[in-house]
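Note on naming: letters A, B, ... go to the chains in the order of the sequence lines (proteins, then strands), and numbering restarts at 1 for each one.
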Protein chains: 2
Amino acid sequence: MTDRVVPPAARQRKRPTKQGVVLSAELIVDTALRLIEEHGADALSVRRLGRALGADPSSLYRYFRDTDDLMLAIADELIGRTLRSWRPTGDWVADLRELGLRMHAGALAHPRAAVLSAHRVTGRRHEIQAVESILGVLRRAGFPGPEAVRIYHAFVDQALAFGALDSAGTALPRSAREAEAQVWRTTYGRLPAESHPHIAATARHLVTTMRASSYPAALDLFLDAARTRLDNLPAGTGDPRPH
Amino acid sequence: MTDRVVPPAARQRKRPTKQGVVLSAELIVDTALRLIEEHGADALSVRRLGRALGADPSSLYRYFRDTDDLMLAIADELIGRTLRSWRPTGDWVADLRELGLRMHAGALAHPRAAVLSAHRVTGRRHEIQAVESILGVLRRAGFPGPEAVRIYHAFVDQALAFGALDSAGTALPRSAREAEAQVWRTTYGRLPAESHPHIAATARHLVTTMRASSYPAALDLFLDAARTRLDNLPAGTGDPRPH
DNA sequence: CTTAACAGGTCAACGGTGTTGTCGTAAGGT
DNA sequence: ACCTTACGACAACACCGTTGACCTGTTAAG
């Protein structure tokens, strides 16, 4: 294949599509996100995206090497939107809780994109910004470098992982989701205490608890543990001047 | 379409394939798992599975309604295998850590199945068994009902979510995974301290830490927090006789 | 032992997917 | 006004899941 993708810097000759649209990487990414939002998960394909843009599918390959490249761009845009309005206050626990909930909510708002992009490292602008911010919060809190990185990694992955998990749930067809609730109510709610004593003893709580996301609870546990770890740090192990 | 799938009960007339194989639901599921293991996640397609079995792809539709149906069967088999050799010892922290790591490893071994089945509730035998076991571990440890359920939910979801997240990573083509490592090494490893002080200060740790899964760290944080919570419980709040 | 029913394997086709080689054309720099 | 070339369009390829129609061997009934 020839060198098809033109780096954004050298891009200049704007030529409208047959249907009159002037393409750009941003327009493509935005349209992709809109497509996902409006028509659900599997509405995103190169051909559909081309149609939605009013362009030949193959035109997109002038902007992105392949669909994976496009997904990374979408993921980075999502990160950017999530971070845009987040302002750390100085209370690191509150800041991380807020950020975690935002990431989770962002994933739920774009189920398909979340599932497809959660495990990718984009190395792009917004992601770098996010890494820098979160590391800053942790180091300013007093975590020494290696521990800060470990906590950062676990924090981000947890938010992304739960986001992907929970949004995969919302992407299910309506009937399937109702069927799952039914399973908890009937199958688990009616197991006899003789054979399944622990389920029977907690059935009431199971039915109510399992329908909501466990991310808030998991996040609080995570932050509790992190704070405990910070408190137990030998004095003076934080990096000097991490501001 | 006609009623294509025959319920396993009524299944009887075994007729060998053109290539001499006698199909069965079990054989299909086992072959699918083997395919995933040997040739990666995207090696699983109806057509490839048919070829691997020595049967026409459309034959599989005599055993499963569609690929989703097949995936659920695979997931069920996976749960069974994960739990089969797990024996709680009485040390609840160690038991949960062991189980969490097993679930995670099981997911990694079958990426595609893990991703597709992590958010499903099957309500079938193995799943019920798992719920009962884990709840038992927690209640015997001393957690009162509602708290046991909350911890259970977060624990399972965390294991499944990280399993899906990490296995999505391994499902990537080799080149993409190398590209990610490269991103950490170069993009993040070379950011100037002036613009990105926190990344620059921890670059060394970032490069090494980010290549591995953060699940073990997240799991330990989780168990730490749970233990702290148990220790801070008012005395005598555990359910009486939870054995 | 014969026979009729039908489970279940096979075939061909449909409409979808990502991706690429090729070509024409119009935009931009000179 | 000319050249270069960016970039949109087209056609084709190989794959995908799924289905309706067909055919054949097994099996149970008579």
Side-chain angles (χ1 to χ4, degrees), chain A residues 1-25 27-28 31-32 35-36 39-72 74 112 116, chain B residues 1-28 31-32 35 39-72 74 112 116 172-173 175-176:
Chain A
M1 144 172 138
T2 59
D3 42 346
R4 189 151 242 165
V5 175
V6 173
R11 205 167 273 284
Q12 37 194 4
R13 318 213 171 168
K14 314 304 303 183
R15 184 217 301 240
T17 264
K18 239 188 176 179
Q19 305 186 31
V21 189
V22 175
L23 293 180
S24 72
L27 179 62
I28 294 173
T31 306
L35 215 54
I36 292 174
H39 304 299
D42 35 0
L44 189 64
S45 75
V46 176
R47 298 174 117 99
R48 266 214 257 263
L49 184 50
R51 223 177 300 137
L53 281 162
D56 189 272
S58 66
S59 300
L60 306 191
Y61 289 85
R62 299 278 182 205
Y63 296 83
F64 302 97
R65 201 180 343 283
D66 49 28
T67 41
D68 192 68
D69 196 21
L70 171 60
M71 282 314 307
L72 288 183
I74 294 176
R112 215 49 160 203
L116 291 178
Chain B
M1 139 171 142
T2 58
D3 43 344
R4 188 150 240 163
V5 176
V6 174
R11 202 167 275 284
Q12 38 195 5
R13 318 213 170 165
K14 315 303 305 185
R15 180 216 305 240
T17 264
K18 237 188 178 178
Q19 305 185 30
V21 190
V22 175
L23 295 180
S24 71
E26 294 76 34
L27 178 63
I28 294 174
T31 306
L35 253 180
H39 303 300
D42 39 358
L44 189 65
S45 73
V46 176
R47 297 174 117 98
R48 268 213 257 262
L49 184 50
R51 222 178 300 136
L53 281 161
D56 189 272
S58 63
S59 300
L60 307 191
Y61 290 86
R62 301 276 182 206
Y63 294 83
F64 301 97
R65 198 179 340 284
D66 50 29
T67 41
D68 192 66
D69 196 19
L70 171 60
M71 287 312 308
L72 285 184
I74 293 175
R112 179 104 171 239
L116 289 179
L172 286 176
S175 60

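The salt bridge (charged side-chain N to carboxylate O under 4.0 Å, His left out) check on Asp69(A) picks up Arg124(A), with sequence neighbours excluded. When the side-chain contact (heavy atoms from CB on, under 4.5 Å) test is applied to Thr17(A), the partners found at least two apart in sequence or on another chain are Gln19(A), Val21(A), Leu23(A), Ala55(A). Shown here are the salt bridge (charged side-chain N to carboxylate O under 4.0 Å, His left out) partners of Asp66(A), two or more places apart in sequence or in another chain: there are none.
Taking five base pairs at each end of the helix from dC1(C)-dG30(D) to dT30(C)-dA1(D), the local helix axes there meet at an angle of 10°, rounded to 10°.
Here Tyr61(A) does not reach the OP1 or OP2 of dC7(D): none of its side-chain N or O atoms lies under 4.0 Å away. Regarding contacts with the backbone of dT19(C), a side-chain N or O of Thr67(A) is found under 4.0 angstrom from either OP1 or OP2. Residue Ser59(A) has a polar side-chain atom (N or O) positioned under 4.0 Å from OP1 or OP2 of dA9(D).
Of the listed nucleotides (dA9(D), dG9(C), dG8(D)), dG9(C) has the atom at the smallest distance from the side chain of Tyr63(B).
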Enumerate the protein-to-nucleotides 14-16 of chain D contacts in which both atoms are nitrogen or oxygen and the separation is below 3.5 Å.
| residue | atom | partner | partner atom | Å |
| --- | --- | --- | --- | --- |
| dC16(D) | OP1 | Ser45(B) | OG | 2.9 |

Close N or O pairs between protein and nucleotides 21-24 of chain D (under 3.5 Å):
| residue | atom | partner | partner atom | Å |
| --- | --- | --- | --- | --- |
| dA21(D) | N6 | Arg4(B) | NH2 | 3.0 |
| dT24(D) | O2 | Arg15(B) | NH1 | 3.0 |
| dT24(D) | O2 | Arg15(B) | NH2 | 2.2 |

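Here the side chains of Leu70(B) and Val46(B) are not in contact, with every heavy-atom distance at 4.5 Å or above.
Going from atom CG of Leu60(A) over to atom P of dC7(D) covers 14 Å, rounded to whole Å. Between the CG atom of Leu49(A) and the C1' atom of dT17(C) there is a distance of 14 Å, given to the nearest Å.
Each of Asp66(A) and Asp56(B) was assigned the nucleotide of DNA chain C with the nearest heavy atom; the assignment lying further toward the 5' end belongs to Asp56(B). Comparing Lys18(A) and Pro57(B), the nucleotide of DNA chain D nearest to each residue sits closer to the 5' end for Lys18(A).
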